Amino acid sequence: EIHIKEPIEKEVNPHLLPGELLLCEASTVYKYIQEDGSNRGTYGKLVCTNFKIAFLDDDSTSDDNEPQFKNKIVGENDITLQCVDQIYGVYDEKKKLLTGQLRKYPEKLIIYCKDLRVFNFCLRYTKEEEVKRIVSGIVHHSQTPKLLKRLFLFSYASAAPNNTDGRNQTVMFDTLEDWRDELERTKGNVKYKAVTTNEGYRVSEKLPLYFVVPICVSEESILKYEGRGIPIWCWSCHNGAALLKMSAFPKEQDDSASQMQKAFLDGIYKTISKPPYELLKTDDLSSSLPSLQDIQTAYTRFKQLFLIDNSTDFWATDVKWFSLLESTNWLEIIRRVLRKAIEVAECLERQHTNVLLIEESATDLCCVISSLVQVMMDSYSRTKSGFQSLIQKEWVVGGHGFLDRCNHLHKSDKEEAPVFLLLLNCVWQLVQQYPPAFEFTETYLTVLSDSLYVPIFSTFFFNSQHQKDTNTRGEGLKTQSSPFRFLTVWDWSVQFDPKAQAFLNNPLYAEKPKPDKSQRKTTRFKHQRQLSLPLTQTKSSTKRGFFREETDHLIKNILGKRIGKFINSSDEPSNSFREFYDSWHSKPIDYHGLLLPCIDGPEIKVWAQRYLRWIPEAQLHGGGTIATTAKILDLMEEVQSLQVKMDEEHSQAISGDVHSVPLLRNSARLSSLFPFALLQRQSIKPALPTSTWKDLEDEEDLVKRDDEFVDLCGDML
Amino acid sequence: MASSSTPKYNSNSLESSSSKRTLKDGTNWEQNEEIPRLPGETRVTDKDVIYMCPFNGPVKGRVYITNYRLYLRSVENDPVVVLNVPLGVISRIEKMGGASSRGENSYGLDITCKDMRNLRFALKQEGHSRRDIFEVLTKYAFPQSHNLLFFAFLNEEKFSENGWMVYNPMSEYRRQGLPNERWRVTFINEHYGLCDTYPSLLVVPYNATDDDLKKVAAFRSRNRIPVLSWFHPETQAVIMRCSQPLVGMSGKRNKDDERYLDIIREANGQISKLTIYDARPNVNAVANKATGGGYEGEDAYPNAELFFLDIHNIHVMRESLKKLKDIVYPNVEESHWLSSLESTHWLEHIKLVLTGAIQVADKVSSGRSSVLVHCSDGWDRTAQLTSLAMLMLDSYYRTIEGFEVLVQKEWISFGHKFASRIGHGDKNHADADRSPIFLQFIDCVWQMSKQFPTAFEFNEQFLITILDHLYSCRFGTFLYNSESVREKEKVTEKTLSLWSLINSEKSKYINPFYTKELNRALYPVASMRHLELWVNYYIRWNPRIRQQQPNPVEQRYMELLALRDDYIRRLEELQITNNSKIPNSSGSSASPSQMMSQVQTHF
């Protein structure tokens, strides 16, 4: 039902989705083409609806160049209201942040988006009345606090009844059955059970309707502290060790209350560290990982590096690029999170211990770590449906507060933290380090991150399952209307046609040969082989003498990386971490087995596709990884057509079942920004740095020297 | 035997894989011998040592020294640790600890290598056990300092290809469409009489006589006059190279030089100014006047436009690489990796060299203007700039053979002082003439190939092999400073060319993604956002930095290629069968889908 702009229609009216209302508009707005820093651009209409801000080009001639990778919901000149990051007005060449009421109206409007696009609109040629209306409209609708029910999600859901059969292979975890299946899949059902205690949200509104706990945990204890202090099951490893998470007790003022809580916890720990349960290690993530505040600060600084106004800006920041990157601390946070996930994997895999992650709400860093551990240890989580099910399990149903963390309603900046983005950034590191291990591409991760800001899917627009449930029922008592039926983001056909969806599938994915029972055994065998490595003694003790310096260095490194709050706090964890890490890396990779990320400095990279995709200066004309991917896709297409021919030869009949492979036109000349920003450079002039050198402060004497000391005056004599 | 060894780490460090590589390289390894040997390679000595591996700790082993290599094999077999180091790679040998030193393994040798690593061996303290090994190593690692021949002169390897035939200046100029009515070939330097650091064959403007050239030579540092490097087939603009003019403090002028530059400008019918790129920073160019050098001033050259490219001198580059080694060897800097990397300035230098080359290429191509490139002497920065610009403009140089020609031409024949910059066989490790200028060039090429993974016929291994043999002294290719010396030493007669090795087993060095594209300018983006540290080269000794070998993307592509070829073959067979009207083809009908399940398609 979604209406898509047809190339023939030459109207300048916005294409509205069902339930979308035009709120204000302004004509003769000039949109700069960011491409070359010149003042080139196009005139058009700027509109604001209850869903998006859109720029409508006066002459839509670009239609003959229909992009191959097109989002059906959000066009290239559309910005959903939730995607707006910051709005600046330019007054006499000075930039000013626009937030609330405006007294003066700017001549230029710069919109920075959360998907890192930057729009520059010139309002100099627009009627003053229209400027006032559009600027205050945009600022109001995108930057001021909002009621949940005012989200476009609801207007869309009521105007466009969802008839799509949302059931794909993604497990939604909203039924008891889903949890039981997951227990069975991971063989966790011997020691863990799915409970219905929270039906009607009797226990807590923060917990999902159904969840899994150790069999020995009683209903009373779950109810006692609203689910706090209860180990909740995330996943079971092939060896039976389980990953658990627990919502901690808040700091109690009352001494006796905290005594009781302590006693309660001790009881719980005692029950679940007895056989048949494995030894238990706990890890308080709020002290062993950066705080949400740190994460938010780091990301705010980091993303700023990619929101570039013009070419001068780009080159000015290029000189000190590495130290700028480092000063944001974002990559270091990614490294620490990956490291933590390896530590947890080591406990589960090698030490056969249960790991209990603790956090105040158990819905932020717990989600990051438990998801990462599963991506690393369970190859099912590296398939598309497996990854989507994982996001459902740990995040959506698990109760991550998307609404607050993304600050979709602009209610409080304090709650904002890019926790989910942090996970995607970490998973991306794995995807780029081990391309054949994932069924999805980095493009998949990028569009998933973009979908955080598209309010037609319910997936990322509630804080909890409870909040979703209560708001799905319609308006309280007057429930004459049927409940809302929201779309899920996992139905990719809503945003992309089949051709575009093909870009989400990884052509390098080495699919698991066959999931039959014998296969299962071999995987186990492989794991065991990994375990039975000769655990060579760390040789540090034998290093002495003139090697002393390096030994010290090594020891310093090891100590510096000591694990936070693991219960046994000797040197042992980090040593065994190193051993585990090194011995895994010394073996050939099994793309369907355990996967550990490389975490050395040079290995942690910037997710270039997501962060550089709109920056023309960073474009490689005919280069980038897309160049090789395109060649692989071309070849796959050739192989497939050969296969079809072969079938024809065999059966002498045409078989209709042909898979679609993305067709890349003129693949050798694709830009590295593909499939995103499709910039048509007028010329292929190379990008030249405009600011280049900084002082070599400490090397002045060298700098001044000649290459070779020969007095050429002498030659002349 | 190498094939049965199980290395502790599967990195591409020499410890694990190069023993196999050398075998493939044609090394002779008799069953009953302990070590691999090349034809012409002779054993000198061997000794029990402890190899102080910075990654795995001390390893007991036996070290063998030949006139070509240092070879170590661990005593224990699980894992087998192997070191296989050409002696040419050694820059410095130091004694560690004395006879009275206490502490385990405190007495031994520390060997600094030119390829980003150090090797430490501990020896028994009794009986001055280290003296003879130290002396043998010093002697054979630094043959030049001991009146010995380079191993290249003793090497008796045989190859199916003759690498010395790769570069023929005349055919390379003909490929470029030269000589023509505006450019001529001159033999004025046939016996290196005009300039002893230039090749014998030069291309100069048709309108300049040999007499003119001699006059110009008097005004250019070391007589390195402006000569043609490359000719643009469409714009007719050219890339010229030379050394700095001898302007000096007094601001000397030379009418012949001024007129010569004007002739160059006019040679492509150009009305606009001739563009001169001085690779140095402005201040250095000015400072050079004090020693008699300088740059083309506006007054003397009104028809020329001069730009400085701010590339630093050889000393700055040497220092930068030293700092880089500090942060990657033996351990990769743990905290503050990025700012540590930045503080080495290595990538910044790469960026500047690339930026300069892009400017040169763009000027010749879209600016349609001839350019003249020089630095001080025109054999370091100038060679980097001209060769990189040529690589950007001429797709021929992006093939294996073309790249060999490029190196032979712009670097070897035009007198990049390989002997001085690398210090082949020379014990003077602190020589201020040493500098990683050629390494920097190869790094720039790697950056380009990384940004454009389908544009080059060669792969990363090709570049690494070139760098390995830049130091090894197994081939004559990089020996000596100039063509005139090489001729005197009869290098092409008495030694083998590196290109013989490479061209004899080309398949090892082929990039499967290579897509031939003619006449396409290839401009890398010289931004820190895209420049990367070449981990597979600079950190290759560290087993913790993992390289997935073979590269999974490449592997997948190769699988698909094989599958396609298989299909084509089967299809042909099938068509023949069907044409001969045999209805039952069920025998082979199961196979295509079986094949597809291995290389699945899940779109």
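What you are looking at is a predicted structure, and each value in this text was computed from that prediction instead of being measured. Letters A, B, ... are given to chains in the order of the sequence lines, protein chains preceding strands, and every chain is numbered from 1.
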Chemist: Quick check for you: among B:Lys417, B:Gln555, B:Arg280, B:Lys450, which has the greatest number of heavy-atom pairs under 4.5 Å with chain A?
Modeler: B:Lys417
Chemist: Where do A:Glu326 and B:Ser339 come nearest, in terms of heavy atoms and distance?
Modeler: OE2-OG, 2.5 Å
Chemist: Without swapping roles, check the side chain of B:Asn313 against the backbone of A:Val703 for a donor-acceptor pair under 3.5 Å.
Modeler: yes
Chemist: Check B:Ala526 against A:Asp318 and note the closest heavy-atom contact, atom names and distance.
Modeler: O-OD2, 3.9 Å
Chemist: Walk me through it: do B:Glu532 and A:Lys605 pass the test side chain to side chain contact (heavy atoms under 4.5 Å, CB included)?
Modeler: CA-CA 10 Å; B:Glu532 270 181 57; A:Lys605 294 187 176 148; 3.9 Å; yes
Chemist: Can you give me the closest heavy-atom contact between B:Phe452 and A:Gly623, atom names plus distance?
Modeler: CD2-CA, 3.6 Å
Chemist: Looking only at heavy atoms, which two atoms of A:Glu638 and B:Arg564 are closest? And how far apart?
Modeler: OE2-CD, 2.8 Å
Chemist: Before giving the answer on side chain to side chain contact (heavy atoms under 4.5 Å, CB included), spell out for A:Glu617 and B:Val525 the whole-Å C-alpha distance, their side-chain angles and the decisive distance to 0.1 Å.
Modeler: CA-CA 8 Å; A:Glu617 285 77 13; B:Val525 174; over 6 Å; no
Chemist: Could you give me the CA-CA distance, side-chain angles and deciding distance for B:Arg544 and A:Arg578, then say whether side chain to side chain contact (heavy atoms under 4.5 Å, CB included) is met?
Modeler: CA-CA 10 Å; B:Arg544 276 176 198 137; A:Arg578 247 306 163 204; 3.5 Å; yes
Chemist: Indicate whether any N or O donor in one side chain lies under 3.5 Å from an N or O acceptor in the other, for B:Thr515 and A:Lys631.
Modeler: yes
Chemist: Using the side chain to side chain donor-acceptor pair (under 3.5 Å) criterion, which residues pair with B:Ser420? Sequence neighbours excluded.
Modeler: B:Asn481
Chemist: Which atoms form the tightest heavy-atom contact between B:Thr454 and A:Gly622, and what is the distance?
Modeler: OG1-O, 4.5 Å
Chemist: State, to 0.1 Å, how close A:Leu620 and B:Gln451 come at their nearest heavy-atom pair, and which atoms those are.
Modeler: CD2-OE1, 3.0 Å
Chemist: Residues in side chain to side chain donor-acceptor pair (under 3.5 Å) with B:Tyr557, at least two apart?
Modeler: none
Chemist: Report the C-alpha distance between A:Asp600 and B:Trp337 in whole Å, list the side-chain angles of each, state the deciding distance to 0.1 Å, and finish with yes or no for side chain to side chain contact (heavy atoms under 4.5 Å, CB included).
Modeler: CA-CA 9 Å; A:Asp600 283 297; B:Trp337 162 252; over 6 Å; no
Chemist: May I ask you to check if B:Arg529 and A:Phe314 form a cation-pi contact, with NZ or CZ under 6.0 angstrom from the six-membered ring centre and within 45° of the axis?
Modeler: yes
Chemist: Flag the one option from B:Asp380, B:Leu341, B:Val553 with the top tally of heavy-atom pairs under 4.5 Å to chain A.
Modeler: B:Val553
